[in-house]
Each structure stands twice: as C-alpha cells, then as structure tokens.
Amino acid sequence: MGERLLGRDAELDSVRAWLDLPHAGPRMLMISGAAGMGKTSLWTAALSTVRAGAGRVLACRPGETETGLIYSGLGDLLDGQQDSPAVRALPAPLRDALGVALLWRQPGPTPPDQRAVALAVLHLLRRYADEGPLIVGVDDLQWLDPSTEAVLGFALRRLEQPAGVLATVRTGAGDLSRPPLAHAVPPDRVDRQELGPMDADAIGALLTARYGRPPRPALLRVVHEAGGGNPLFALELARTLDDRLDPDARLPVPESLRHLLRTAMDGLSEAAAEVALMLASASRAHAGLLDGLPAAHEGLAELVARHVVVTGGPVPRFANPLYGAAVLESAGAARRREMHARLARTAAGPEERARHLALAATGPDAVAADALHEAARAAVARGAPYTAGELAEWAARLTPSEQDDLATRRRIEAAANLITSGGASRARALLEDVAQRCPSGPVRAEVLFLLNRAIFCDGDYAGALVPNQQARLEAGESTELLVPILADLAYSRMHVGHLAGAAGHARELLAVAARTGDAALRDEATIATITIEFMRTARPPAAVPEPSYDNPLDRSPFAALHVAGYLYRSLGDLPAARAALDTVRTAAVAAGVEAYIPSALMWATEVECLAGDLDAAAERAALARCAGQETGTPSTSALFTEALVLAHRRELDRARPIAEEGLAVALRSGMGTGALCLRALLGFVELAAGDPAEAARHLEHMEQAATALGAALEVVCPTAVCDHVEALVALGRLDRAAELAERAARSARLIGRPLARGVAGRARGLLLVATGSPKRAAEELRAACAEFTAAGMPFELARTLLALAQAQTRLRQRAAARQSAERAAAVFAGLGADRWAEAAAQPVRPAEPYGLTPSEGRVAVLAARGRSNREIAEELVIDVKTVETHLSSAYRKLGVRGRTQLAVRFGDDAGTGRA
C-alpha cells in the first residue's frame with residue numbers, strides 16, 4: 001500500500017499519543033481490524049516513530065505458516081543480538097539456554113527448560129527498558145508461535161520497568177478479543193485501536209499513490225462503496241476493473257476479500273504462480289529459497305510489479321499475508337503437496353524438512369513420521385515443549401498401523417510435553433484416547449499417571465485421583481513407576497483432603513524406599529507420613545528429618561521441603577517454616593518453575609502474615625498470582641494468598657470477593673484442604689467486619705467439612721477455632737463456644753507449642769469474659785500474649801491484646817485497658833496494618849456477655865442479684881413490661897429458665913453488678 005501512510009493520520013496520532021504516555025511496567029496496544037484495513041502500515045509507521053526517537057524496537061512479523069516453528073518470533077525479535085553486550089551479560093545458564101533455543105549454539109546433553117529461556121528474555125527486556133524507551137512489536141499476533149508466546153508472556157508478567165507491546169490483530173481470526181499474550185499485561189494497561197473503513201477521499205489518495213493517476217469520480221465511488229472503505233479491497237478492485245466499462249453498471253462484488261485475491265492470482269503467469277506458491281508454502285522465506293525455480297527472476301518481478309510481493313527486506317515476502325493464503329487456496333491440494341515435497345528436499349533444517357514431508361503426505365507415512373519425531377526431540381533439546389508435543393502428536397498420526405506400539409509411545413511423549421508447557425486440556429484428550437486402546441500393564445500405568453497429571457493441571461484435583469489409582473494397580477511392583485505414582489497420590493490426596501488414603505500411600509512409599517535403600521526417597525516419605533498423620537490426629541512428630549538433597553526441584557513432583565515447610569507452619573515454628581519454604585521458592589524462581597509450587601507460595605504467604613512481615617507476604621502473594629496466570633486456570637492458592645494479605649491489612653471489602661472466588665474454585669476442583677483454609681479466612685474477614693453471624697456460618701461449614709475429611713482443624717487452620725469461639729460468643733451461643741474452647745485446650749496440650757497454646761488461651765479468655773469471669777479471662781489472655789510473643793507472631797499478639805483490653809474494661813481497670821489497646825495499636829502500626837491500628841485506637845467498650853444487648857445485660861445482672869421486676873424497673877427508669885421483655889430475651893439467649901440459673905451463669909459478676 002505504498003511507503004507513505006495515507007488516510008490514517010488520526011489513527012497514527014492516537015498511536016503516537018499512546019507511545020508518549022508515561023507509565024510504569026508493561027502495557028499493550030492492539031491495532032485490530034478486518035483483513036486489508038491497513039493495520040500493518042499503521043504498525044510500521046508507529047515503530048518508525050519509536051526508532052526516530054532513539055527508542056529500541058524488537059519486532060517480528062509472524063505468518064500463518066510459521067505458527068508451528070520453534071521460537072520463530074523470538075528469533076526475529078532478537079535477530080542480530082547474538083554477540084550484543086546485553087546477551088553477553090546474561091548469566092551463563094540463561095545465555096546458554098537462549099543460545100540453544102535460537103540455534104546460536106548446539107544443544108548440550110541436557111535440554112534447556114523453557115523457563116530458563118524465558119528468564120533470559122526477562123533479563124534482556126529489563127536491561128533494554130532501563131536503557132531507554134522499549135517497544136516490542138508483533139504484526140499479526142494471532143500467528144505468533146506458542147514457544148515465543150510462552151516466554152514473552154512469562155517475561156512481561158514479571159517486568160517492572162516501562163515497556164510497550166504494539167501488536168496487530170486481525171478480527172475474524174477466531175476469538176481474539178483478548179489474545180493469550182494480552183493476559184500477561186494487567187487488564188487496565190491493555191488498549192485497543194480499532195481500524196475502521198477509510199472515507200472516499202482517503203481511498204482516492206491511496207489509488208493515486210499506487211497507480212500514478214487519480215481515479216475518475218464515478219470509478220472511485222464504485223470502488224469505495226463496493227470495497228466498503230477497505231484499502232486492500234479498493235486497490236484490488238481498481239486493478240481488476242476495466243476503465244472502459246460503465247462505472248455506473250452494477251459491480252459483481254466478490255463474497256470476500258480472499259475470493260477477490262484468488263481471482264487476482266488466476267491471472268498470474270506460470271512462472272509468477274510458481275514463485276508465489278513456493279513463497280506461500282515455505283515455513284520461512286530465506287535467501288536462496290527460489291534458486292532452481294525456472295524463470296524465478298521473471299516470476300518474482302511480475303509479483304513485485306503487481307504489488308503482491310515486496311523485496312525491500314533481506315528476503316522476498318508478500319505485501320499482505322492474505323496474498324499468500326489466496327495463493328495456497330487457489331493452488332489446490334495436489335499442487336500444494338507437490339511443492340511441499342520439493343521444499344522438503346531443500347529444507348534448511350530437520351524441523352522444516354519434517355513439516356514439509358508431513359504436508360506432502362497423503363496418508364500414513366513412516367518417513368514423514370520418523371522425521372517429525374526427530375523434530376520433536378530437537379524441539380525438546382531447544383526448550384520448546386509445546387512445539388515438541390505438537391510434532392510428536394503429528395508423528396503419531398502419520399505412523400503406519402503396523403507400528404502401533406511406536407505410535408502409542410509417540411503419543412505419550414506428545415502428552416508429556418504438552419503437560420509441561422501448559423497444554424493440559426489437549427494432553428488430557430490425547431491420553432484418554434490412548435488409555436482406552438492401551439492393553440493392561442506398565443505402559444498403561446504410565447499413560448494413566450500422565451492422564452492424572454493432565455487432569456490435575458486442568459484444574460480438576462479430585463478427578464485426577466481416579467486414573468492415578470488405576471495407574472497404581474497397573475504398575476505392579478515396578479519401582480520406576482511406583483515412586484512417582486505413590487508420591488503423587490500421597491501429595492494430591494493430602495490437598496484434596498482424603499487424609500486416610502494419603503497416609504496409606506505415604507507409608508507404601510516409605511516401604512518402597514526401604515526396599516530400594518534410597519535415602520532421599522526415605523526422607524521424602526517420612527516427612528509426608530508424619531505431616532499427614534499430624535493433619536489427622538494433631539499429634540506432633542518427635543522429629544523432622546532433614547531431606548538428603550540440596551535442591552528440592554531435583555525430586556519433582558514431591559518436594560519434601562515444601563511439605564516440611566507446611567508441617568513447620570502448622571506447628572508454629574516460623575523460622576523453620578521460612579527456611580524450608582524460602583529454599584523452595586528461591587530454587588523455583590531461579591529455575592523459572594514457580595508455577596509448579598503454588599501451595600508452597602500459599603503457605604509461605606501465611607507464614608509471613610503470622611510473622612508480621614506483610615510486605616514479604618505481599619511479595620509471595622504476587623508471585624503466586626503470576627504462577628496462577630501462567631497456568632491459565634484460576635488458582636485457589638493465588639486467590640487465598642491475595643485475600644489473606646488484604647485481610648491482614650483490613651481491606652475487607654477487597655478481600656471478601658477474592659476469598660469467595662477462591663472458595664468457589666476450591667469446591668469446584670475438589671481441593672478439600674484449600675476449601676477449609678478459605679472458609680477460615682472468610683470467617684476472619686466477616687469477624688473483622690463486625691458480622692459474627694456470617695463469620696459463624698463460614699466457620700461452622702469449615703468445622704463440618706473438617707469432620708468429614710478427618711482433619712484436625714487446629715493443624716490445618718490453626719487460628720480458626722479461636723475466631724469461631726469469638727463469633728459464637730458475640731452471638732450468645734456459649735455452650736457451643738465452650739465446647740470448641742475445650743477442644744482447643746486439649747489440642748494445645750497434645751501439640752505442646754506456643755501457637756496452639758496461644759490460640760487456646762485466647763479462646764478461653766474470650767469465653768470467660770462472656771460468662772462473667774473477667775479476672776480469670778485476663779489471666780488467660782496475658783498468658784496467651786506471652787505465647788504469641790514467644791512464637792514471634794505479632795499480629796496474633798495484637799489481636800489478643802485487644803481481647804485483654806476488653807477483660808480489663810470489664811474489671812473497670814480502665815488505665816490498664818487503655819494501655820493494652822494502645823500497645824495493640826502500636827503493634828499493628830509497626831506491621832504496616834494501619835487500618836487495624838486505627839480500629840484498635842478506638843475507645844474500648846466492654847463486650848456484653850452471651851451476646852446480650854446493653855439493656856438486656858443490665859436487666860439480667862440486676863435480676864441475678866435478686867431484684868424483682870418492679871425494683872429493676874424503678875432503678876433503670878423503665879416500665880415493668882420492658883423488664884419482662886428483656887428478661888425473656890436474656891433467658892432465651894443464655895439457655896436458662898429462671899433467676900437462680902441466671903445467678904449461677906453470671907457467677908462473681910452478679911455480685912459486683914458487672915455484666
């Protein structure tokens with residue numbers, strides 16, 4: 001459409017304004033519109049503006065035939081930077097991974113993890129953004145290859161510096177209202193520039209620039225109306241119309257632009273058609289591609305003269321991708337296969353050769369299948385597992401029926417690679433088909449185990465157990481299969497909440513370790529066994545073994561340090577929990593595999609909240625959120641961590657919907673223990689919001705679910721029982737509160753740790769305040785404060801100080817109560833929990849026992865002291881009928897039948913007049 005941008009001045013000004021906006025972090029502008037609207041021209045002009053302003057541009061223009069190529073887009077983005085200072089400055093492992101991915105160096109014995117490639121790209125983007133304005137340009141985003149999309153999305157999610165992504169997206173190319181890469185950028189930083197039709201004047205200027213003379217007015221009117229203001233339509237219509245025809249005659253408008261382009265291709269000479277077909281069929285145009293074609297020079301010249309192909313770059317390319325699509329469509333299947341066979345003989349590499357062989361095949365083809373399988377292995381070696389999975393699946397489809405075992409093995413390899421790269425749904429469908437046709441035995445066990453991983457990664461945690469249990473039966477006594485199957489079963493059932501079954505699998509894994517003499521496996525199985533037993537019985541382990549390996553990621557999928565961190569968190573040993581979970585987190589971040597440890601990030605966030613480091617908790621929650629985004633499915637762990645940090649900052653209206661979403665995800669996916677934690681969190685949120693009834697509802701559901709799962713709540717949700725007691729006391733349900741407080745006390749004696757004793761002490765203190773024993777309550781609460789101080793849990797300490805202030809107020813120790821409340825406010829402020837500090841600074845009001853209203857409480861106390869209804873009415877200056885109403889309500893709430901029981905229930909306070 002010419003070198004100058006015509007008819008899009010307003011749109012270009014808008015894009016330039018977007019480029020000039022100050023911003024933090026990454027952002028994205030998508031130029032969208034129908035095919036032929038001039039998106040590429042606008043995109044090119046915008047990038048020229050960036051370059052003219054000394055900004056850095058990393059650009060790629062993927063085509064439809066390149067979507068399956070490994071790192072095709074990334075190679076274009078980083079073209080010519082192999083020896084740049086930025087690449088040389090990368091840490092050696094990342095530089096090597098990037099070099100292998102982009103064929104800058106030969107693969108080594110160990111293939112690079114795709115996340116190592118992504119980390120290298122992240123390092124480069126950070127450096128480039130620090131040096132000046134940075135724009136990543138992607139023309140035709142819908143054709144970006146998955147491997148590039150994965151690493152670029154990974155990097156953008158973690159980029160803190162300002163950088164822009166300028167992309168074009170063709171409308172009508174599927175559901176691209178929010179392309180996958182756009183999910184790597186916060187939604188409020190994603191903008192769209194929709195290109196609409198050009199007006200007649202702009203179309204006239206375009207035709208004049210292309211054909212060297214202005215169109216006749218009547219012809220311009222017909223072209224503009226028939227083409228709907230689409231510039232490419234207009235150019236093609238103007239070229240095909242015969243000016244000698246009556247321009248007012250009815251124009252046979254084609255059904256689509258592609259039809260029009262096919263018609264234009266029909267007029268090509270044989271040489272030009274051959275060149276066009278080769279360019280369209282090639283995965284990537286490269287120097288020397290047209291060598292050997294008869295009359296290649298003449299054919300190329302004809303295409304350039306027709307403005308179908310441009311030669312301004314290093315290799316010829318179509319002026320618009322639609323020209324290539326039209327060429328392929330008009331060529332017919334036989335000619336396309338013939339061209340692919342020719343290209344396979346001259347292909348630049350094994351991957352390209354394999355693709356051409358496959359596209360040339362008319363049915364099962366052993367040669368093409370073998371070539372695709374080798375290309376899949378090469379993709380693994382370059383750190384592109386999704387592409388490897390596609391190629392292996394393609395190889396399986398082309399494998400002849402007499403090689404059925406080989407086809408099965410290729411499908412297994414395809415599924416394993418798809419799972420690794422986030423293609424769990426596709427892997428699941430593939431494995432379900434293989435499992436139905438696979439005979440019983442070890443191979444079927446492997447298929448079922450992978451199917452379990454695919455279902456788990458697809459978000460159905462409970463459903464994943466079924467194929468894995470079948471895999472255990474199929475595995476027999478094969479140690480190689482048993483270890484990952486049993487480890488996965490123990491880990492998954494622990495999170496789903498099938499604790500008895502999880503314990504059985506952990507013990508079986510321990511037996512396998514004893515049989516094999518594998519010390520690291522023994523430690524894993526031991527930690528799993530004692531953790532699950534603690535979750536079931538609240539009996540703490542006598543000792544926790546140190547895992548016999550340095551890197552927890554070496555023992556995937558069962559990381560003993562991860563489980564040990566959870567165990568220490570449940571015991572309340574925060575330093576040990578931090579050490580274990582930080583080791584896992586640091587190793588995962590360094591390797592770029594944090595998406596595999598969402599629950600470790602969940603526990604790490606909770607540990608930091610307990611320890612009072614809300615900034616560290618927010619950092620881990622953000623990491624969990626990034627991990628959840630990478631998987632592409634809602635993450636219970638990520639939602640829990642985000643809501644937990646917000647609740648600890650008392651941003652309750654923000655925390656509530658996030659926690660509710662997390663609970664819905666947990667219930668839908670079958671994450672039983674996760675659902676317990678989210679119920680507990682919602683109870684805490686509602687209690688802080690002043691709604692004890694709603695808090696009690698969530699916490700009662702939590703209690704019932706824990707009973708059904710056979711889980712000890714004091715282990716799974718250590719502070720929740722105290723919150724439940726507090727909610728019940730506020731509602732006057734004292735018998736139930738007493739039951740829970742006594743259970744907490746028993747668990748505290750069994751566990752014997754400061755966290756458990758502190759929780760039990762606060763629960764008893766809250767109950768004693770409500771039942772009229774503030775002296776004993778104050779003693780219990782002061783002891784609980786000491787326990788939380790010893791445990792290093794300032795947030796829980798501050799909450800306990802507030803309860804102590806209530807007891808002291810009941811004792812009329814106003815100075816002591818004020819001092820306790822001020823100390824609580826100071827602790828909250830020191831943690832950065834300013835809203836909690838503000839709430840703590842409010843005047844302390846004595847909590848009414850049993851959930852009585854102040855009026856009911858005054859009447860009940862006087863009645864317990866033996867006053868008659870008339871005497872109470874006279875003393876409080878109310879009528880006798882009101883006294884009777886208040887007493888009836890108090891009896892109902894307290895569960896008593898008369899004054900005698902009322903006096904017993906109030907105890908010492910009845911004699912002093914306190915309630």
Side-chain angles (χ1 to χ4, degrees), residues 56 58-60 62 66-128 131 136 144-155 158 282-289 314-315 346-356 371-392 413 416-417 420-421 551 553-554 587 589-593:
R56 183 185 292 271
L58 306 177
C60 65
E66 298 175 25
T67 55
L69 295 181
I70 304 168
Y71 294 121
S72 171
L74 185 63
D76 289 343
L77 291 172
L78 300 180
D79 186 36
Q81 299 189 49
Q82 178 176 357
D83 297 317
S84 68
V87 170
R88 290 200 302 270
L90 288 172
L94 303 187
R95 186 174 64 249
D96 291 344
L98 185 64
V100 170
L102 298 183
L103 296 178
W104 293 346
R105 62 183 297 269
Q106 290 297 315
T110 303
D113 190 285
Q114 190 172 53
R115 287 167 182 80
V117 181
L119 278 172
V121 173
L122 174 60
H123 278 253
L124 292 177
L125 294 186
R126 283 174 173 165
R127 173 163 178 161
Y128 293 151
E131 292 174 350
V136 176
L144 189 64
D145 62 278
S147 49
T148 297
E149 189 171 66
V151 300
L152 196 55
F154 177 100
R158 291 156 179 81
S283 300
R284 301 195 74 181
H286 55 81
L289 175 67
V315 294
T346 60
E351 181 196 358
E352 190 175 341
R353 174 177 177 271
R355 288 182 179 278
H356 287 307
L372 286 168
H373 189 223
E374 287 305 311
R377 296 283 177 88
V380 171
R382 290 178 61 189
Y386 191 88
T387 302
E390 288 185 318
L391 290 168
E413 288 185 26
N417 281 304
T420 299
S421 59
N551 185 353
L553 302 176
D554 290 341
V589 170
V593 295

Can you check side chain to side chain contact (heavy atoms under 4.5 Å, CB included) on Leu98 and Leu78, steps first, answer last?
CA-CA 10 Å; Leu98 185 64; Leu78 300 180; 4.1 Å; yes
[atom1]/[X] to [atom2]/[Y] distance, rounded to the nearest 0.5 angstrom?
{"X": "Ser72", "Y": "Glu351", "atom1": "OG", "atom2": "CD", "value": "9.0 Å"}
{"X": "Arg382", "Y": "Gln106", "atom1": "CZ", "atom2": "CD", "value": "10.5 Å"}
{"X": "Gln81", "Y": "Tyr128", "atom1": "CD", "atom2": "OH", "value": "3.5 Å"}
{"X": "Leu94", "Y": "Leu122", "atom1": "CG", "atom2": "CG", "value": "9.5 Å"}
{"X": "Leu74", "Y": "Leu152", "atom1": "CG", "atom2": "CG", "value": "8.0 Å"}

Check the pair Val121, Leu77 against side chain to side chain contact (heavy atoms under 4.5 Å, CB included), reporting the backbone distance first and the verdict last.
CA-CA 10 Å; Val121 173; Leu77 291 172; over 6 Å; no
Shortest non-hydrogen contact from [X] toward [Y]:
{"X": "Ala379", "Y": "Leu391", "result": "CB-CD1, 4.4 Å"}
{"X": "Ala416", "Y": "Thr420", "result": "O-OG1, 2.9 Å"}
{"X": "Leu125", "Y": "Ala155", "result": "CD1-CB, 3.9 Å"}
{"X": "Gln114", "Y": "Ser421", "result": "OE1-CB, 4.5 Å"}
{"X": "Ala375", "Y": "Ala354", "result": "CB-CB, 4.0 Å"}
{"X": "Ala392", "Y": "Ala376", "result": "N-CB, 3.7 Å"}

Selection residues 69-89 - residue pairs positive for salt bridge (Lys or Arg N to Asp or Glu O under 4.0 Å), sequence neighbours left out
Asp76-Arg284
Between Val87 and Gln82, does the side chain to side chain contact (heavy atoms under 4.5 Å, CB included) criterion hold? Intermediate values first, please.
CA-CA 6 Å; Val87 170; Gln82 178 176 357; 5.9 Å; no
Using the salt bridge (charged side-chain N to carboxylate O under 4.0 Å, His left out) criterion, which residues pair with [X]? Sequence neighbours excluded.
{"X": "Glu413", "answer": "Arg377"}
{"X": "Glu374", "answer": "none"}
{"X": "Arg95", "answer": "none"}
{"X": "Arg353", "answer": "none"}

Donor-acceptor under 3.5 Å (Tyr71 side chain, Gly383 main chain):
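Looks like yes, one N/O pair under 3.5 Å.
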Do the side chain of Arg158 and the main chain of Phe154 share a donor and acceptor less than 3.5 angstrom apart?
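Checked: pair present.
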Under the side-chain hydrogen bond (donor to acceptor under 3.5 Å, both in side chains) test, residues paired with Arg105 that sit two or more places apart
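Partners of Arg105 by the side-chain hydrogen bond (donor to acceptor under 3.5 Å, both in side chains) criterion come out as none, since no residue qualifies.
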Is any side-chain heavy atom of [X] less than 4.5 Å from a side-chain heavy atom of [Y]?
{"X": "Cys60", "Y": "Leu144", "answer": "yes"}
{"X": "Leu69", "Y": "Glu352", "answer": "no"}
{"X": "Pro91", "Y": "His123", "answer": "yes"}
{"X": "Ile70", "Y": "Thr387", "answer": "yes"}

